[in-house]
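I have placed the structure first, in the form of structure tokens, so that the comments after it can refer back to it.
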Amino acid sequence: MSDHLDARSIARMLADRAPALATALFPRGVREHSEWRIGSLGGEAGRSIANGSSVAKAGVWSDFCTREARDALDLVAAALY
């Protein structure tokens with residue numbers, strides 16, 4: 001295995017830890033079925049943004065206001081910057 005990790009590999013590793021990632025980034029979110037929901041990337045309470053944690057949607061997040069959908073690495077970047 002290479003010592004070099006590309007963005008896609010990092011996103012997959014983060015997706016494998018989607019529930020822990022979502023709760024660490026957004027502790028004020030709420031679980032709704034297999035998703036972690038927040039109001040915005042600022043972490044406010046609400047249901048506008050969902051981070052999937054089921055196997056089929058692991059690490060995929062969707063913003064229902066802007067209609068964006070990104071991977072787990074994009075979620076980390078958006079939450080921190």
Report task. Say whether Leu5 and Val76 are linked into one hydrophobic cluster, either directly or through other cluster members, by side-chain heavy-atom distances under 4.5 angstrom. Result ->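 Same cluster.
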
Query raised in the report: Quick one: do Phe64 and Val30 end up in the same hydrophobic cluster if we chain Ile, Leu, Val, Met, Phe, Trp and Tyr together by side-chain heavy atoms under 4.5 Å apart?
Result: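 Phe64 does not cluster with Val30.
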
Requested in this report: Check Ala69 against Ser62 and note the closest heavy-atom contact, atom names and distance.
Outcome: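 Shortest heavy-atom contact: CB-OG, 4.0 Å.
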
Requested in this report: Taking all non-hydrogen atoms of both residues into account, name the closest pair between Arg28 and Gly42 and its distance.
Outcome: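 In this case the closest contact between Arg28 and Gly42 is NH2-O, 3.8 Å.
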
If I take atom [atom1] from residue [X] and atom [atom2] from residue [Y], how far apart are they, to the nearest 0.5 angstrom?
X	Y	atom1	atom2	value
Ile49	Thr66	CD1	OG1	7.0 Å
Glu35	Arg47	CD	CZ	9.5 Å
Glu68	Asp74	CD	CG	9.0 Å
Asp6	Arg12	CG	CZ	7.0 Å
Leu25	Leu80	CG	CG	6.0 Å
Trp61	Leu75	CH2	CG	6.5 Å

Report task. Look only at the side chain of Trp36 and the backbone of Ala20, and say whether a donor-acceptor pair between them is shorter than 3.5 Å. Result ->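 Answer holds: no.
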
Report task. Give the intermediate values and the outcome of side-chain contact (heavy atoms from CB on, under 4.5 Å) for residues Asp63 and Ser48. Result -> CA-CA 6 Å; Asp63 184 328; Ser48 178; 3.5 Å; yes

